[in-house]
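Order of listing sets the numbers, starting from 1, for every ligand and every atom in it. Numbering of residues begins at 1 and proceeds along the displayed sequence.
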Amino acid sequence: MTAIKICGLMRQADITAVNAAMPEYAGFVFAGGRHHLTPDQARPLIAALAPMITPVGVFKDNSAAEINAALTTGIQVVQLHGNEDEDLVRRLQARGVRVIRAFVGQPTSIPDTAADYVMLDAGAGSGKQLDWFRIPRPRQPLFLAGGITPDNIDQAIQAVHPDVIDVSSGAETNGLKDSHKINALVASAHQQERIVSYE
Ligand SMILES: O=C(O)c1ccccc1N[C@@H]1O[C@H](COP(=O)(O)O)[C@@H](O)[C@H]1O
């Protein structure tokens, strides 16, 4: 199965859209940038999320206090997108939090990490794409991110066979999440499973 994470959710309308489409993961950005949420903004969005969808908090070199505050919102998985050290990964895991370690840029190999999942991304919500034909395989489950859209998701899955596809800007129109694109992306990720298993 190809699971999917829709990232950068900011409005109740975005939650309504993901609850209808049912991706496996929903991302809430506590890092800086145009998707930034405070814990108080994120809390009601996460509370309204369907229970089967796992809420992920996205951080990029946030302080320990910011991460601690965000952990009160209901996020179950932490995505570290900056230069965070392995100590933080282990400290979060010791508190029962699963960790996605994101590596940004075209990788030639995967750095060693104790994280539960590895994400490979071309940017940070930038819409830039990796070369999908030069992706090394981590020992952990792989999230593939970066410039994935409804038009290229099938190609990304066929080239990389990631465990999870991660999309932010490719699920937007004019900077806002688009329910039609979210539906198309989730359907494509889940459809790929049927195509592969019938082969
Ligand atoms: O989305 C952001 O604003 C962001 C900020 C800081 C770190 C990571 C961020 N986003 C992550 O980037 C991927 C890919 O985005 P895109 O599909 O290329 O637009 C996104 O899913 C987030 O995990």
Checklist entry - Is the closest N or O pair between Lys60 and ligand 1 shorter than 3.5 Å? => result no
Checklist outcome for this item: Numbered in order shown, the ligand 1 atoms found under 4.0 Å of a heavy atom of Val58 are 7 (C), 8 (C)
Checklist entry - When you measure from atom 9 (C) of ligand 1 to every protein heavy atom, which one gives the shortest distance, and what is it? => result Ala124 C, 3.5 Å
Checklist outcome for this item: for atom 21 (O) of ligand 1, nearest protein heavy atom and its distance come out as Asp166 OD1, 2.5 Å
Item to check | Heavy-atom nearest option to atom 5 (C) of ligand 1, drawn from Val29, Asp61, Ile6 | outcome: Val29
Checklist entry - For atom 3 (O) of ligand 1, what is the nearest protein heavy atom, given as residue, atom name and distance? => result His35 ND1, 2.8 Å
Next on the checklist: If you define the side chain from C-beta out and look only at heavy atoms, does anything of Phe143 sit under 4.5 Å from Asp163?
Outcome noted: no
Item to check | His81 side chain near Asp61 side chain, heavy-atom distance below 4.5 Å | outcome: no
Checklist outcome for this item: When every non-hydrogen atom of Val97 is compared with those of Val78, the smallest separation belongs to CG1-CG2, 3.6 Å
Item to check | Top protein contact for atom 16 (P) of ligand 1, by heavy-atom distance | outcome: Ser169 OG, 3.5 Å
Item to check | Side-chain ion pair, Arg90 and Asp87, N-O less than 4.0 Å | outcome: no
Item to check | For atom 10 (N) of ligand 1, the protein heavy atom that lies nearest, with its residue and separation | outcome: Gly125 N, 3.3 Å
Checklist entry - Are Glu84 and Arg101 within salt-bridge range, i.e. N to O under 4.0 Å? => result yes
Checklist entry - Hey, does Trp132 have a side-chain heavy atom less than 4.5 Å from the side chain of Asn152? => result yes
Next on the checklist: Salt bridge check, Arg34 against Glu172: does any charged N sit closer than 4.0 Å to a carboxylate O?
Outcome noted: yes
Checklist entry - Is ligand 1 less than 4.0 angstrom away from at least one heavy atom of Gly27? => result no
Item to check | Salt-bridge criterion met for Asp121 and Lys5 (N-O under 4.0 Å) | outcome: no
Next on the checklist: Give me the residue, atom name and distance of the protein heavy atom closest to atom 6 (C) of ligand 1.
Outcome noted: Ala31 CB, 3.6 Å
Checklist entry - Counting from 1, what ligand 1 atoms have a heavy atom of His81 closer than 4.0 Å? => result 7 (C), 8 (C), 11 (C)
Checklist entry - At a 4.0 Å cut-off, with the gap strictly under it, does some heavy atom of Gln129 reach an atom of ligand 1? => result no
Next on the checklist: For Ile4, is there any backbone N or O sitting under 3.5 Å from a side-chain donor or acceptor partner on Glu24?
Outcome noted: yes
Checklist entry - Which heavy atom of the protein is the closest neighbour of atom 22 (C) of ligand 1, given with residue, atom name and distance? => result Cys7 SG, 3.4 Å
Next on the checklist: Taking 4.0 angstrom as the limit and counting only heavy atoms of Gly146, give me the atoms of ligand 1 inside it, by number and element.
Outcome noted: 14 (C), 18 (O)
Checklist entry - Under 4.0 Å between a Lys/Arg side-chain N and an Asp/Glu carboxylate O for Arg98 and Asp116? => result no
Checklist entry - In chain order, what residues pass the side-chain hydrogen bond (donor to acceptor under 3.5 Å, both in side chains) check against Thr173, with sequence neighbours excluded? => result Asp178, Lys181
Checklist entry - Side chain, backbone, both or neither: which part of Lys5 has a heavy atom under 4.0 Å from ligand 1? => result side chain
Next on the checklist: So for ligand 1, is Gly147 a polar contact partner (N or O within less than 3.5 Å, distance only)?
Outcome noted: yes
Checklist outcome for this item: Residue, atom and distance of the protein heavy atom nearest atom 13 (C) of ligand 1 read Asp121 OD2, 3.4 Å
Next on the checklist: With the threshold set at under 4.0 angstrom, would you say Gln79 reaches ligand 1 through any of its heavy atoms?
Outcome noted: yes
